[in-house]
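Throughout, protein chains are lettered first and strands after them, A, B, ... in sequence-line order, and every chain is numbered starting at 1. Nothing here was measured: the structure is a model prediction, and the numbers come from that model.
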Number of protein chains: 2
Amino acid sequence: MNILWIFAHPETRSLNASLMADGLRALEESGHRTRVSDLYAMDWKPTVDAGDFRRESTDRLFVGAEQEHGYREGKLSDDILAEQEKIAWADAIVFHFPLWWFGPPAILKGWFDRVLVQGFAFGVKDDQGGVRRYGDGGLAGKRALVVTSVGARESSFGPRGIHGQVEEVLFPLLHGTFWYTGMAALPPLVVYGADRATAQAADEAAAQLRERLRTLPTATPIPYRHERGGAYDEDLVLRPDVARGRTGVGAHAEGAPGAG
Amino acid sequence: MNILWIFAHPETRSLNASLMADGLRALEESGHRTRVSDLYAMDWKPTVDAGDFRRESTDRLFVGAEQEHGYREGKLSDDILAEQEKIAWADAIVFHFPLWWFGPPAILKGWFDRVLVQGFAFGVKDDQGGVRRYGDGGLAGKRALVVTSVGARESSFGPRGIHGQVEEVLFPLLHGTFWYTGMAALPPLVVYGADRATAQAADEAAAQLRERLRTLPTATPIPYRHERGGAYDEDLVLRPDVARGRTGVGAHAEGAPGAG
């Protein structure tokens, strides 16, 4: 497979940097091709602004429309185009970052904000003019794996842990970004207690990561529901007989506890 | 009250900019004092890096520890110190942004990443050495209101809507950031269909915002559970008799459907 590794950590001597080096080596030894976007090393610009669009007009900026226009006209800035080319090349993407405020660091959030534009990643239509979304879209057929480190203990991110069950906390990324654009979201690999990691804990994390990378092509994704698979009505609401009585983000995966 | 308005939109002629101007006027007419951090206008730096710390060492950077050290030693960069001073001044904070990829734009994510450091916003201890967190912390006593615009229809963010119930999608912000640092999280104001807003819809949004600002000092916050209110055990897991049988992010608010 072609595997793109998006990395968002400021320190080249961190546990995460060492995990990435180890992971890339494992992928290459298995015969995969790899490319890396090391966002800090690239000095990636996180902020969407008028400079993204080689724009001559000073009219009011409608961000979504301008992104789509820029994409169609080939006028997006070179750093955005380079990332889109890597995504198009990739069969799978690894997103690797420390969890800050229960989400990706700003430099990675800005990668999503700037690169995954309408017309490229979403808002693409099928032959009948239907919008392809949630399980389909511009990135359909690709797989996405989150690798993230947290300071907290595993129990606190469990089904009833105080921080919220980790896949539900990551719902904006796993469902709202990956699945929305058509990518299969794999269960995230979370490295717990990262700030206090001993050498032994680091070795264990590396072994967990290698196993996840070994199964990257075959692992079963989170079974989110397809927008046009029959579960949703015209208002994009779950039909009454689907996940009966359930509400909230947990209702959008099949087979979740009580989700029917 | 002293009210800080954090604004993250790149276009001064946007619906959001007009809503902010209207909201600030309403607050001042009611006798409140206001300050604004217009992140785009300030050219706010979103990325956490070694430049945040007036750091002489080139040792390995441990972000959390370095942030705390920088705070205690007064060595954080001036832009961070200025925001912390505004927060300390404020009784309530309005976070106003377009929802991009189901979260705040990178420029605002970076405000959280850089400003809410350990020792200031969290990781503060009480007299017995216990860590104050979730319902308590460095920002205890303050109120936080999200005002956000989305392109989608309201139904799609409802309890069973495809994008996920909006308060659960915003859980990393409402619970993981506001409540974690001690701030009371008010129910967010979501402006739907923002890209297609007619003049009438814009007027309605402005009226909704004014009503939310009128009740800012008195509105009932989301009833998230206090970490040390008896609901959680030593592993920070909900005790069996609390929200019996519930899992996921929805279990952490009292009185949620089925949350007991």
Side-chain angles (χ1 to χ4, degrees), chain A residues 10-11 13-14 40 46-50 60-65 98 100-107 109-110 112-114 116 134 151-153 155-156 158-165 168-169 171-173 175-177 195 225 227 232 235-238 243 246-252 257, chain B residues 10-11 13-14 40 46-50 60-65 98 100-107 109-110 112-114 116 134 151-153 155-156 158-165 168-169 171-173 175-177 195 225 227 232 235-238 243 246-252 257:
Chain A
E11 174 55 65
R13 292 159 292 185
S14 61
Y40 272 91
T47 303
V48 172
D49 61 26
R60 174 174 165 184
L61 177 67
F62 289 91
V63 171
W100 289 350
W101 293 112
F102 300 97
I107 199 169
K109 181 55 170 56
F112 294 113
D113 290 349
R114 297 181 64 229
L116 300 190
Y134 285 120
R153 292 170 279 174
S155 61
S156 60
R160 288 165 57 82
I162 193 167
H163 301 311
Q165 198 272 333
E168 293 202 4
V169 172
F171 190 81
L173 194 53
H175 183 268
T177 308
D195 286 345
R225 302 175 194 282
E227 175 167 333
Y232 298 98
D235 291 323
L236 301 179
V237 174
L238 284 168
R246 288 288 306 278
T247 60
V249 300
H252 299 284
Chain B
E11 174 56 65
R13 292 158 293 185
S14 61
Y40 271 92
T47 302
V48 171
D49 61 27
R60 174 174 166 185
L61 176 68
F62 289 91
V63 172
W100 288 351
W101 293 111
F102 301 97
I107 199 169
K109 181 56 169 57
F112 295 113
D113 291 348
R114 296 181 65 228
L116 300 190
Y134 285 120
R153 290 170 281 173
S155 61
S156 60
R160 288 165 55 82
I162 193 167
H163 301 310
Q165 198 272 332
E168 292 202 3
V169 172
F171 189 81
L173 194 53
H175 182 268
T177 309
D195 285 346
R225 301 175 194 282
E227 176 168 332
Y232 298 97
D235 292 324
L236 301 179
V237 174
L238 284 168
R246 288 288 306 278
T247 61
V249 299
H252 300 283

Problem - Close aromatic pair by centroid cut-off 6.0 Å: B/H163 and A/Y134 - result: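 Ring centres of A/Y134 and B/H163 closer than 6.0 Å.
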Give a yes or no on whether the backbone of [Y] and the side-chain of [X] come within a donor-acceptor separation of less than 3.5 Å.
X      : Y      : result
B/R160 : A/R246 : yes
B/R225 : B/A251 : yes
B/D113 : A/A106 : yes

Proximity breakdown for [X] and chain B, heavy-atom pairs closer than 4.5 Å:
X      : value
A/E11  : side chain
A/F112 : both
A/R153 : side chain

Item to complete: Tell me, with the steps shown, if B/F171 and A/E168 meet side-chain contact (heavy atoms from CB on, under 4.5 Å).
Response: CA-CA 9 Å; B/F171 189 81; A/E168 293 202 4; over 6 Å; no
Residue, of [options], that accumulates the most heavy atom pairs under 4.5 Å with chain B:
options                        : result
A/P46, A/G110, A/G64           : A/P46
A/L236, A/V249, A/T177, A/I162 : A/I162
A/R114, A/R60, A/K109          : A/R60
A/L116, A/I107, A/D49          : A/L116
A/W101, A/F102, A/W100         : A/W101
A/H175, A/E227, A/R13, A/Q165  : A/R13

Quiz item: Do B/L238 and B/H252 touch side chain to side chain, with heavy atoms closer than 4.5 Å?
Solution: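 Yes, their side chains come closer than 4.5 Å.
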- For the residue pair A/V63 and B/P10, establish whether any side-chain heavy-atom pair is separated by less than 4.5 Å.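 Touching, per the 4.5 Å side-chain cut-off.
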(Q) Below 4.5 Å, heavy-atom pairs only: which of B/P98, B/P104, B/A152 has the largest tally toward chain A? (A)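 The option with the most such pairs is B/P104.
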Of all of B/D235, B/V169, B/L173, which one pairs up most often with chain A through heavy atoms under 4.5 Å apart?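 Of B/D235, B/V169, B/L173, B/D235 has the most heavy-atom pairs under 4.5 Å with chain A.
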Practice problem: With rounding to the nearest 0.5 Å, note down the distance linking OH in B/Y232 to OG in A/S155. | Solution: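 Separation between the atoms: 12.5 Å.
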